[in-house]
Amino acid sequence: MVLRHLTALAGVLTLYACRGEPTPSASGAVDAEGAVLHASLPEDLAVGGVRLHLDPDSCALTSLRAEQIRSHRLALAPPCHFSAPPGAAPRVVTTAAGEVVIVESSRPSAAPDCDTGLQGLVVRAGEVRLASEIQEVTACPPYAWDDIMYHTFAFDRTDPAR
């Protein structure tokens with residue numbers, strides 16, 4: 001498994017080198033022009049008694065609670081990552097609808113912007129619900145999204161529980 005992750009990281013670093021882009025550090029940051037990109041390494045996060053595992057290369061999310069495993073397909077283009085403010089762990093915001101995490105997928109566009117898609121995950125009572133709508137923004141991660149963004153995903157109108 002470690003070999004697979006090292007191979008994926010080597011492929012990402014080669015891709016950046018071939019495209020003439022700055023090479024990310026081990027954390028995934030690129031500081032040549034202030035732009036930040038992520039390396040494709042699996043991400044894990046514990047939220048509300050649920051372990052979330054995100055595969056950045058496929059934007060596939062697996063949730064594990066007790067002995068129940070569920071797969072979720074995000075509506076974002078790979079690679080994707082749990083959103084985290086600069087230099088911090090992924091942010092989880094507690095709302096009336098549950099705990100909300102944002103997953104982001106970003107591509108550089110006209111400098112200094114990025115085309116970034118955001119999809120929220122709401123964890124409540126051990127269940128994971130994906131927001132049905134993607135928010136499109138022109139900001140480059142890592143970015144500290146405000147609470148309004150998290151609350152927007154928490155109250156997605158297509159929630160079957162509503």
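These numbers come from a predicted model, not from an experiment.
Residues L130 and Q119 are in side-chain contact: their nearest non-hydrogen atoms beyond the backbone lie under 4.5 Å apart. Proximity of D44 to R51: side-chain heavy atoms (C-beta onward) are separated by under 4.5 Å at one or more points. Two residues are said to be in side-chain contact when any heavy atoms from C-beta on lie closer than 4.5 Å; R91 and V93 meet this criterion.
In this structure, C80 and V103 approach most closely via the heavy-atom pair CB-CG1, 3.8 Å. Nearest heavy-atom pair, H81 versus P56, reported as atom, atom and distance to 0.1 Å: CE1-CB, 3.8 Å. Nearest heavy atom pair, residue V50 against residue S63, reads CG1-CB, 3.7 Å. Of all non-hydrogen atoms in A154 and T95, the two that sit nearest each other are CB-OG1, 3.3 Å. Nearest heavy atom pair, residue L76 against residue S105, reads CB-CB, 3.9 Å. For P79 against R107, the heavy-atom pair with the smallest separation is CD-NH1, 3.2 Å.
For the atom pair SG (C140) and CG (D113), the distance works out to 6.0 Å, reported to the nearest 0.5 Å.
Residue-environment remark: OH (Y150) exceeds the threshold of 12 foreign heavy atoms within 6.0 Å.
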Does the side-chain contact (heavy atoms from CB on, under 4.5 Å) test come out yes or no for H72 and V128, once each step is laid out? CA-CA 9 Å; H72 313 270; V128 177; 4.0 Å; yes
Evaluate the criterion side chain to side chain donor-acceptor pair (under 3.5 Å) for residue pair T116 and E104; output intermediate values, then yes/no. CA-CA 7 Å; T116 301; E104 58 193 25; over 6 Å; no
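A distance-only check finds no donor-acceptor pair linking the side chain of R65 to the backbone of G48 [under 3.5 Å]. Formation of a donor-acceptor pair under 3.5 Å by the R124 side chain with backbone atoms of A96 is found in this model.
Hydrophobic clustering, with ILVMFWY side chains joined whenever heavy atoms are under 4.5 angstrom apart, keeps L121 apart from L118. Note on V100: it does not cluster hydrophobically with L54, by side-chain heavy-atom contacts below 4.5 Å among ILVMFWY residues. No continuous path of ILVMFWY side-chain contacts below 4.5 Å connects V137 to L74, so the two sit in separate hydrophobic clusters.
Classified by interplanar angle (parallel below 30°, tilted 30° to 60°, perpendicular above 60°), the ring pair Y143/W145 is tilted.
The side-chain contact (heavy atoms from CB on, under 4.5 Å) test with F82 is passed by exactly one of V92, L52, V47, I102: L52. A side-chain contact (heavy atoms from CB on, under 4.5 Å) with F153 holds for exactly one of Q135, R129, E133; it is Q135.
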